[in-house]
Amino acid sequence: MQYWKGENLVKESQPYQLDDNKSKPGPSRKLTFLDEFLLVLMRLKAGLFVQDLGDRFGISASLVSRICITWINLLYHELKDLFPFPTQGLVRKNMPKEFAQYATTRIILDCTELFIQRPSAMLAQSETWSDYKHHNTWKLLVGVTPNGQVNFLSDLWGGRVSDKQITRESGVLDLLQVGDNVMVDRRFDISAIVPAGVTVNMPPFLAGCDQMTAAETEETMSIASVRIHVERAIGRIKTYHILDGTLPNTLSPYATQISTVCGLLTNFLPPLLPPANL
């Protein structure tokens, strides 16, 4: 069950007038486009409060909010077009040497949880409660290519939902092709739900045994040594401090857009691993 997407609420809000043409209706612009973009990046990256940004830029807090909402919705659509799901050929062309043993890997999946303010509604409290974090959270499914580029971000789900359910219903499996391999953690037991012709690399379970065999231990360490790059990519996303603290309820209608924008902005950084042919 998806929790917050916010699309309808966004449409009901009053977008900030971005047009320079003052003959058109709407409030006159008090900041240039570049200053507005800088303000939004400061809100996302540094996690500055709305009132703080208003004081810094000499505008009201309500205007800061409208600017942020408008730009975040714009970036949400534009960045997804700028960074589409990469083709199988492109991923393999840029395969790092660290993945020589797993050369068909198309995507590495992991979930991360974002702390949120406790919702006032009892149902929302229940749906967002995470037994793992002992806190109300949103859960985000993150997919990265072997070189560390973020190539998939799900909508936000309540923290109660399992990682497997998000993977099944987020649409990421529909993007895979015959010959692809998905690398996941133990809790992602998705072998039964991936499309035909797609394989899964997952560390072995104990399966009722007291300890793993030497071969299983070696396989676990081998997968972990390359799967860690999805955790590094998630670490990059959380350098956007708006996601690193506790998100207030006032941001709930736009939270999916915010997390997606922060995730895709990390793709402007150098890849975590260079291609093997460099």
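Numbers here simply count residues along the sequence, with the first being 1. In what follows, every heavy atom counts, from backbone to side chain, and hydrogens, waters and symmetry copies are set aside. What you are looking at is a predicted structure, and each value in this text was computed from that prediction instead of being measured.
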- Between CG on residue L48 and CG on residue L53, distance to nearest 0.5 Å: 5.0 Å
- Message: For D163, give me all partners under salt bridge (charged side-chain N to carboxylate O under 4.0 Å, His left out), at least two apart in sequence or on another chain.
- Response: K139, R187
- Task: Spell out, yes or no, whether I193 and V200 are grouped together once hydrophobic residues are joined by side-chain heavy atoms under 4.5 Å, including indirect joins.
- Result: yes
- Query: Do you know which two heavy atoms are closest between T256 and D155, and how far apart they sit?
  - Reply: CG2-OD1, 3.3 Å
- Closest non-hydrogen atom pair, A233 against V144: CB-CG1, 3.5 Å
- Per side-chain contact (heavy atoms from CB on, under 4.5 Å), I107 is matched among T145, L175, L176, V184 by L176
- Task: Ignoring hydrogens and angles, state whether a donor on the side chain of D131 or W129 is under 3.5 Å from an acceptor on the partner side chain.
- Result: yes
- Item | Value rounded to 0.5 Å, distance of CD in E36 from CG in L31 | 5.5 Å
- Note on the structure: All heavy atoms of W138 vs all of A255, minimum pair found to be CZ3-CB, 2.9 Å
- Note on the structure: Taken in chain and number order and not counting sequence neighbours, the residues that satisfy side-chain hydrogen bond (donor to acceptor under 3.5 Å, both in side chains) with Y102 are S222
- Item | Partner set under side-chain hydrogen bond (donor to acceptor under 3.5 Å, both in side chains) for D174, not counting sequence neighbours | none
- Heavy-atom pair with the smallest gap, counting every atom of T105 and V91: O-CG1, 3.6 Å
- Query: Just how far is it from atom CZ of F188 to atom CE of M202, taken to the nearest 0.5 Å?
  - Reply: 11.0 Å
- Message: Working to the nearest 0.5 angstrom, can you tell me the gap between S154 OG and L140 CG?
- Response: 4.5 Å
- Would you say V142 and L272 are hydrophobically clustered, going by side-chain heavy atoms of ILVMFWY under 4.5 Å? no
- Task: Give every residue pair that meets the side chain to side chain donor-acceptor pair (under 3.5 Å) criterion with at least one member in residues 42-55, sequence neighbours excluded.
- Result: K45-T239, Q51-D55, D52-R56
- Message: Can a donor-acceptor pair be found, under 3.5 Å and without considering hydrogens, that links the side chain of T246 to the backbone of Q117?
- Response: no
- Shortest non-hydrogen separation from I237 to V150 and the atoms involved: CD1-CG2, 4.3 Å
- Message: My understanding is that only one of T104, N181, D180 makes a side-chain hydrogen bond (donor to acceptor under 3.5 Å, both in side chains) with T199; could you say which?
- Response: N181
- With sequence neighbours excluded, what pairs up with E113 under the side-chain hydrogen bond (donor to acceptor under 3.5 Å, both in side chains) test? S130, T137
- Message: With rounding to the nearest 0.5 angstrom, report the CG to CZ distance, L109 to R227.
- Response: 9.5 Å
- Note on the structure: The reported gap from CG in L75 to CG in L44 (rounded to nearest 0.5 angstrom) is 8.0 Å
- Determine, using the 4.5 Å side-chain heavy-atom cutoff (strictly less than), whether L265 and F33 are members of one ILVMFWY cluster. yes
- Indicate, with yes or no, if L34 and L39 share a hydrophobic cluster defined by side-chain heavy-atom contacts under 4.5 Å among Ile, Leu, Val, Met, Phe, Trp and Tyr. no
- Return the minimal non-hydrogen interatomic distance between L141 and T167, and the atom names on each side. CD2-CA, 3.9 Å
Using distance only, find each side-chain donor-acceptor pair of residues 78-87 under 3.5 Å and give its atom names and separation, not counting sequence neighbours.
{"unit_1": "K80", "atom_1": "NZ", "unit_2": "Y76", "atom_2": "OH", "d": "3.3"}
{"unit_1": "T87", "atom_1": "OG1", "unit_2": "L90", "atom_2": "N", "d": "3.1"}

- Task: For the pair Q101 (side chain) and I223 (backbone), establish whether a donor and an acceptor sit closer than 3.5 Å, ignoring hydrogens and angles.
- Result: no
- Message: Between I228 and M183, is there shared hydrophobic-cluster membership here, with clusters defined by ILVMFWY side-chain heavy atoms closer than 4.5 Å?
- Response: no
- Message: For the backbone of Q125 and the side chain of N136, can you confirm whether one donor and one acceptor N or O come within less than 3.5 Å of each other?
- Response: yes
